[in-house]
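Remember, it's a predicted structure, so these values are computed and weren't measured experimentally. Lettering follows sequence order; numbering is per chain, from 1.
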Amino acid sequence: MADIKTTCPYCGVGCGVTATTSEAGVSVRGDESHPANNGRLCVKGSALGDTVGLERRLLYPQVDGLRASWDHAAQQIARRMQDTIKRYGPDAVAFYVSGQLLTEDYYVANKLMKGFIGSANIDTNSRLCMSTAVAAHKQIFGSDSVPGCYEDLELADLVILVGSNMAWTHPVVYQRIIAAKKARPSLQIVVIDPRRTATADSADSHLQLTPGSDGYLFDGLLAYAIANDHLDHEFIAAHTDGFAAMAAACSARNASLAVTATATGLSEVALDAFYAQVCATPKTVTVFSQGINQAAAGVDNASAILQCHLALGQIGKSGAGAFSMTGQPNAMGGREVGGLANQLAAHMDILKPEHRDLVSRFWQTADLAPRPGLKAVDMFEAMASGKIRFVWIIATNPLVSLPDANRVRDALIACDCVVVSDCVDDTDTLRLADIRLPAAGWGEKDGTVTNSERCISRQRAFLPLPGEAKPDWWALSQVAKHLGHAQAFDYSNSAAIFREHAALSAFENNGSRDFNIGALATCSDADYDALMPVQWPMPIAKPEGTARLFSDGHFFTASGRAQFIDAHPQAAKTSSPNLPFLLNSGRIRDQWHTMTRTGRSARLLSHIAEPFIALHPDDLAQIGAEHEQLLSVHNSFGECVVPAMADSGIARGHAFMPIHWSASNASQARVGSLVAPLCDPVSGQPAFKQSPVAITPLRSQWQGILISRVALQLPENQYWCRHDIGVWQIYTLMGARLPVSAELMALWQGTEAHPASRKWASLDDALGLRHHIIGYDNEQPVLWFLAQPERPRIDEVWLLDALSQNQLSARELSRGVPSTGSDTSALVCSCHQVRSQRLLDAITDGHRSVEALGACTRAGTNCGSCIPELKKLLAEQMFVVSPNPEVML
Amino acid sequence: MTARRLLIIGNGMAATRLLDELLARGMSGSDIAVVGEEDAHGYNRIALSPWLAGEKSLEQLITHDAEWYAAHDIALYLADPVVSVAIAKREVCLASGRVLAWQQLVFATGSRATRLSIPGHDLAGVNVFRSLADAEAIAATAVAGQRAVVIGGGLLGLEAAWGLRQRGLEVSVVHNGEWLMNRQLDAEAGALLAQALNARGIALHFGARSEAFVGDGELAGLRLRLSAGQEQILPCELAIMSLGITPEMSLAISAGLRCARAICVDAWLRSSAENVFALGECCEIDGESFGLVAPIYQQAKILADTLIGVCNLGYRRIASPTRLKVTGIDLFSAGELHDLADCKSIAWRDTQRGHYRRLWFRHHQLIAAVLFGDVDDGGAFFDVIEQGLPVADPVALMLTGSAA
């Protein structure tokens, strides 16, 4: 029953989590002592205890489909890798890793590939998320440095959120801003997003610009600051290079506000107001995220933001700076160890001979990769074309997450050997693996992560390793030993790896490199176990860490000065008559990535359990479709078939799809299959946000729900999506022809051990209204099916419990709701499981503010991420919403 | 000559219920005389099947014993049937020769079990199952291990069959129709019932016409003509004919009352003669005759009012659902199952528990319902049928018993 302090494995906020293990399971709460969250957790973090069960875990190594020992698996990996290298050279081998890895895992993977295999073909899914910010930081600051810290968001007078639905994707930091605004209402929030999201709801203003035009907006801001002389001349003169050339080009491009207005679709009045506000507010922080990073000209967009802050002197000061919010829990740690193909290690540059020399000496290797490797999209293209023949994928699902996902499938099929390390037993990518390795999951891993504000925290194990699951650093080291590098990979624990990593960061550094955690290079195992969260740099002389970089005006370029460059904006992709919609993509509030973990929590699924495409209601009407109708979304790369969601927050001509669904949990909902493999030329980060697509409504005669604890064949040519709760798989189905119960029972009679023993309860409906089937094996209900013309509404929590308990008759189970009545309206507050009907009742009873609703129903009183939805409900009920909602944190 | 104000011919359930209603309205028992054909006090005929099955004792059957009649000072003549009625003289004559005068006369003569008049029907061992005396006679001769045949797969026949089976007899049911209880059940429910009875050791013969009881003085078998034409003899030592009831109206006919299928009465139970009334299975109202208890209890109330001179609205036709309970088999049926030609039905089958329910609709109105195994919602369906209102969600109604 001991409390273990660890960190959340989801977003880049990097919240501290206190986990308690008891016979009843794992419970979690926010760690009050962690500086990122001070005890808060969002709904995903709060539900972590739901995700640690051992159902559907990968527990044993498998080689070519057969269970194998770790030793055999490691030997096979080493042998196949060596065969590939012998025949095609080291660049025919690749690692594709993940921002989910701990720093220690990441360090060992990078060391093995770049230091000993001798290729730099290691890239990471952070390429899809952070590489644009990395490239912009490096070209402007000379180093991949996030200048500020979370506290700056609370100290600022103006917070600009651009390309970020922070209310849903980084809820805890968002709630910190909201709390700061409540304490100090003069704090202004401006949201820049082509969608009107939950984040925009609490903003003082929302600039709903043309998708992909962010670069023009910030280029225009620079021009405005130059034209109206709001520049910090002193700072520019003392600490930067290249301003004059940049300013001339920028001013020439932006002769008047009208130019920017045309490019961004915003009014000149709105632009003037925004620009004046930024220029008049020294304490301005610009937070940017995937809306900026995932663009074909992403590095220019991000650079424009950084340059605005340099020109206005809004950097290196408390309450001012440009802040890149990372998506993943350890994207920063991955960058620190050089997990990207164009990095080396410890923020060193693979193109610099002196850095290669330094790292070679430190690692005592003669085989250091001589040049950068292939970035993610190019890496998979090289597999498809036969240049890369061996790949080891760790903790990521590229078949779902990469652009042109169908091509990624071809790439893996073309490889001679695909090794996949994962903690779950079925992902789209795992299905194509020759060798599967069982990895430690959250709760079992032990190491460090770095969050968006450069804060290194311990992730501590509080559960035993199940089956034969092992940490990824251990698996990599085993293979390294079989490759003949036993001495370089003879790690006894993650602390030993961390000490080496820290020592490398300080090795011959002398202040020349931003990343220096030399103060930790000699920490004991006990010190490491007790490590408190700390922000790097923390060189030996400054063990307390560093909240803000660049306060002294020193940058890590050759001249020590920040570099202005000509970051000229580019037009984003546009729609065409054949592909009239631009498709945006992103996360939804309660899910994480491909749902392998969050998809196991019933309460997280109760917010949104299905893929969808959101369109403006007028666009829906124009294509002749209705809310929840099935739509085909297609272009030359692929097709998705998902239900429509009417959303007036989407601009006309645009669409939004969540990224979470894959071939293992939906029939055809991989948004990646619609995304062109078009990347920023500098960062190699794919442009996920504006894919031209056509959208056609499909006719569906019926909609159904199938709940099963046995594997079932689904009726063909129907839409489905699936999520798993415990032993149950829950499918939502839609189709053109209502399958007849008798046909389904024949299809589902099963090929299992005792097919004849399956008994049925079923509806025989001559009126043709509904089909119900419940299947029993050995008197236990094993499948439950309901189909009808309209969308079935069930009480999933009640039904799963009732099916598992098996005390009710099939008839009592058949409707999917308890006979005593049940609220199946939309779930609004996931933390306290409050549904919209209960909230509407409370509003009717006179609870007519967010605060009153919270006091009455508890909705919105934990993570606060549903507060925008509470406000929307109140507004719909025609009640005035107070401008500063009480957030009870 | 004894004279009381009111004379009731018959002491069955209709008569005893009428007595209860009259006493409740303040009529004195000393104004009432009752003549019973049977040598039994008031008993619950419905409980005869469980009594035969050994599930109920004789004490549990008796509803009105000798002490009750004495306590209420009601004159009771048992085992002394009325042989003639003189309407004009306001007298009746009993078999014993006793003559009773009356001012108001009620026929509560009930009905008799329908008998087959096929060869051998008078052999020892051939019974009907109608009265306590019938039940006692069967119980007295039935021996475990004997073979028994019940002719008629209706409600009463099946109850009798189960009663005998409970006593350890080898029981067969011979049924003319295609499935059991074909007036109350559809073919599928009938088949489920047959399956359940088979599982309880009762053999069933469908589409079989009984041609003769065979035996030499004592019953030895029943000769059947099967639907395919061939003959079959079922060996048996005991037979029960359960082929329905015939209203007992011979006395009324000879008294000159107007009769059709039964004694004709109006909605206030008044016969064609002044101060002469009839209720229960022996009467008919607007062509409707009666066999179930609910409408007869209604008649008892109305007639009690009529007899003491209180106005009421008169008899109004009420439908009654059928429930059958043969240990472990629950059945429910309501509505017009004979007229479903233009109806559409929905059904729910639960092979796991052996449950079945089917509802028939005509233009959104519930017309009939059959439930097998799980009869929880029978009452609700009956109400929906009676109300005749459109049903918005037939499937929800079927699954939950609620149309909401």
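For B/Asp286, the CG atom is loosely surrounded, since the number of other residues' heavy atoms within 6.0 Å does not exceed 12. Annotation: A/Glu716, atom CD; neighbour count of heavy atoms from other residues, nucleotides and ligands within 6.0 Å does not exceed 12.
To the nearest 0.5 Å, atom NE2 of residue A/His772 and atom CE of residue B/Met398 are 7.5 Å apart. The structure places CZ of A/Arg815 at 6.5 Å from CG of B/Asp393, a figure rounded to the nearest 0.5 Å. Atom CG of residue A/Leu763 and atom CZ of residue B/Arg357 lie 11.5 Å apart, to the nearest 0.5 angstrom.
Closest non-hydrogen pair, A/Ala766 versus B/Ser345, comes out as CB-O, 3.0 Å. Minimum interatomic distance between A/Leu808 and B/Arg353 (heavy atoms only, all atoms of both residues): O-NH2, 3.1 Å.
With contacts defined as side-chain heavy-atom distances shorter than 4.5 Å, the pair B/Val395/A/Gln788 does not qualify.
In summary, B/Arg349 and A/Asp764 engage in a salt bridge, as defined by a charged side-chain N under 4.0 Å from a carboxylate O.
In terms of non-hydrogen atom pairs under 4.5 Å with chain B, the most contact-rich of A/Arg811, A/Glu812, A/Arg770 is A/Arg811.
With respect to A/Ser814, the side-chain contact (heavy atoms from CB on, under 4.5 Å) criterion is satisfied by exactly one of B/Thr400, B/Leu399, B/Asp350: B/Leu399.
At least one donor-acceptor pair under 3.5 Å links the side chain of B/Thr351 to the backbone N or O of A/Trp760.
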